[in-house]
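Contents: one structure, followed by commentary.
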There are 2 protein chains.
Amino acid sequence: MDVLAGLDACTTMEPDEGRVAAARDRLVTPEEATQLAELFRLLGDPTRAQLLYALLEAGELCVCDLTETVEVSDTAVSHALRLLRTAGIVASRRAGRMIYYRLADVHVRMLLDLSREHLRHG
Amino acid sequence: MDVLAGLDACTTMEPDEGRVAAARDRLVTPEEATQLAELFRLLGDPTRAQLLYALLEAGELCVCDLTETVEVSDTAVSHALRLLRTAGIVASRRAGRMIYYRLADVHVRMLLDLSREHLRHG
DNA sequence: CAAACTCCTGAACAGGTGCTCAAATGATAA
DNA sequence: TTATCATTTGAGCACCTGTTCAGGAGTTTG
């Protein structure tokens, strides 16, 4: 594989506005990388990951249901959910004295789904 | 949205081997969730994330090039790369006294790519 | 009202993480 | 060989993280 394959392309092709724009879109600044790391960091804990995959399967679960899916106290689950909620990874809804959590958006679902595929067929 | 939408389906439809098998494939055990968390944890550090996105853009880079993309010492970069290499996230190749690193497989590239999209259009 | 239930908050602490420094390894050049 | 370059390794340490415990807040039930 050519070490500089991507960078050498300009010696064999004329500049192209479309490709240039696409390359600029691909660039990730240190600030963006840090934001992405923050997202991954939140997914990168066994307790939180189990909660998220439980929500991926069930759609929506209350804290007491989620507590049964992991081996920690309900307090630890609550702390974990607060981190995920603050980061916009999950959303919550009150119904009586129970609070139901769900994955916040389709991107999070795709991320969890793709990662599961990576684990099994990577 | 119905809280138990997924679970109630069996009251309105006959069992279906295809759907049952698909549901079983979707289930993530605590052990799998923990493995996935380990993957996310490794992506969840600003230094490592910057290195990975640099590799995503450039294809292949030596340690000295990678050191220029982050604000830490070459030693810290080496420690970070060892973690990623041990986990099978990056692969390395020696050429003279330089060692070139690249992303290990297409799944990692897709994961980084999808996450970048999440950050920008989520 | 009080009791019961679900969930959240703050404090404290053991354990883990990522950094730098100093030293070592492997490879090329003089 | 000796010197130099690129990278790795191990030690030490400041900082961060996730947990439990104790207590509080909001909601329904008797």
Side-chain angles (χ1 to χ4, degrees), chain A residues 3-4 30 33-55 58 60-102, chain B residues 3-4 30 33-55 58 60-102:
Chain A
V3 174
L4 299 172
T34 299
Q35 284 183 267
L36 287 160
E38 177 64 14
L39 169 65
F40 288 130
R41 189 184 68 80
L42 288 165
L43 307 185
D45 169 75
T47 297
R48 291 194 293 268
Q50 284 181 59
L51 296 175
L52 290 170
Y53 279 98
L55 292 175
E60 199 176 36
L61 290 171
C62 64
V63 178
C64 56
D65 287 338
L66 286 168
T67 298
E68 294 182 5
T69 70
V70 292
E71 293 286 326
V72 295
S73 66
D74 59 339
T75 299
V77 171
S78 187
H79 279 301
L81 290 171
R82 184 172 54 81
L83 286 176
L84 295 172
R85 180 162 29 84
T86 301
I89 295 174
V90 302
S92 63
R93 166 180 79 85
R94 170 153 240 149
R97 48 190 168 195
M98 301 212 281
I99 298 183
Y100 288 95
Y101 281 84
R102 62 184 180 280
Chain B
V3 173
L4 300 172
T34 299
Q35 285 183 267
L36 287 161
E38 177 63 15
L39 169 65
F40 288 131
R41 191 185 67 81
L42 287 165
L43 307 185
D45 169 74
T47 296
R48 292 194 293 268
Q50 285 180 58
L51 296 175
L52 291 169
Y53 279 100
L55 291 175
E60 199 174 36
L61 290 171
C62 65
V63 178
C64 56
D65 286 339
L66 286 168
T67 297
E68 294 182 4
T69 70
V70 292
E71 294 285 326
V72 296
S73 67
D74 56 342
T75 299
V77 171
S78 185
H79 280 301
L81 290 171
R82 183 173 55 80
L83 287 176
L84 295 172
R85 180 163 29 85
T86 301
I89 295 173
V90 302
S92 62
R93 166 180 78 85
R94 169 153 241 148
R97 49 190 167 195
M98 301 211 280
I99 298 183
Y100 287 94
Y101 281 84
R102 62 184 180 277

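We name chains A, B, ... by the order of the sequence lines, and we start the count at 1 in each one.
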> Bend across the helix from dC1(C)-dG30(D) to dA30(C)-dT1(D), to 10°, with axes taken over 5 pairs at each end?
Replying inline: 10°

> Tell me, for nucleotides 21-30 of chain C in 5' to 3' order, what letter each nucleotide earns: B for a base near a protein heavy atom under 4.0 Å, S for only sugar-phosphate near one, - for neither?
Replying inline: BB---BBB--

> When you match C62(A) and E71(B) each to their closest nucleotide on DNA chain C, which lands nearer the 5' end?
Replying inline: C62(A)

>> Without decimals, in angstroms, what is the distance between I99(B) CD1 and dT9(D) C1'?
In response: 13 Å

> Counting only non-hydrogen atoms, which of residues 38-51 of chain B are less than 4.0 Å from DNA chain C?
Replying inline: R41(B), D45(B), T47(B), R48(B)

Could you pull out all donor-acceptor pairs under 3.5 Å where a side-chain atom in residues 40-50 of chain A meets a protein atom, sequence neighbours excluded?
| unit_1 | atom_1 | unit_2 | atom_2 | d |
| --- | --- | --- | --- | --- |
| R41(A) | NE | E38(A) | OE1 | 3.3 |
| R41(A) | NH2 | E38(A) | OE2 | 3.1 |
| D45(A) | OD2 | T47(A) | N | 3.2 |
| D45(A) | OD2 | R48(A) | N | 3.1 |
| R48(A) | NE | L42(A) | O | 2.7 |
| R48(A) | NH2 | R41(A) | O | 3.2 |

>> Rounded at 0.5 Å granularity, tell me how far CG in L52(B) sits from CG in L36(A).
In response: 10.5 Å

>> Whole angstroms only, please: what is the OH-P distance between Y100(B) and dT7(D)?
In response: 8 Å

> So, does T34(B) use its side chain to make a donor-acceptor pair with the main chain of P30(B) at under 3.5 Å?
Replying inline: yes

>> What is the separation between atom CG on D65(B) and atom P on dT7(D), rounded to the nearest whole Å?
In response: 8 Å

> Atom CG of L84(A) to atom C1' of dT17(D): distance rounded to whole Å?
Replying inline: 14 Å

> Taking CG from D74(A) and C1' from dG18(D), how many angstroms apart are they, rounded to a whole number?
Replying inline: 15 Å

>> Using 0.5 Å steps for rounding, measure from the CG atom of L55(B) to the CD1 atom of I89(B).
In response: 11.5 Å

> dT28(D) C1' sits how many Å from M98(A) CE, rounded?
Replying inline: 12 Å

>> To the closest 0.5 Å, what do you measure between CG (L83(A)) and CG (L51(A))?
In response: 11.0 Å

> Once you round to the nearest 0.5 Å, how far does OH of Y101(A) lie from SG of C62(A)?
Replying inline: 11.0 Å

> Rounded to whole angstroms, how far apart are CZ on R93(B) and C1' on dT8(D)?
Replying inline: 18 Å

>> From CG of L83(A) over to P of dG18(D), roughly how many Å is that when rounded to an integer?
In response: 7 Å

>> For R82(A), give me all partners under side chain to side chain contact (heavy atoms under 4.5 Å, CB included), at least two apart in sequence or on another chain.
In response: H79(A), R85(A), T86(A)

> Of all the choices, dT19(D), dC7(C), dT8(D), which nucleotide is nearest to the side chain of S78(B) once you look at every atom?
Replying inline: dT8(D)

Per-pair distances, 0.1 Å, donor-acceptor, side chain in residues 65-73 of chain A, under 3.5 Å, sequence neighbours excluded:
| unit_1 | atom_1 | unit_2 | atom_2 | d |
| --- | --- | --- | --- | --- |
| T67(A) | OG1 | V63(A) | O | 2.8 |
| T69(A) | OG1 | L66(A) | O | 2.6 |
| S73(A) | OG | A76(A) | N | 3.2 |

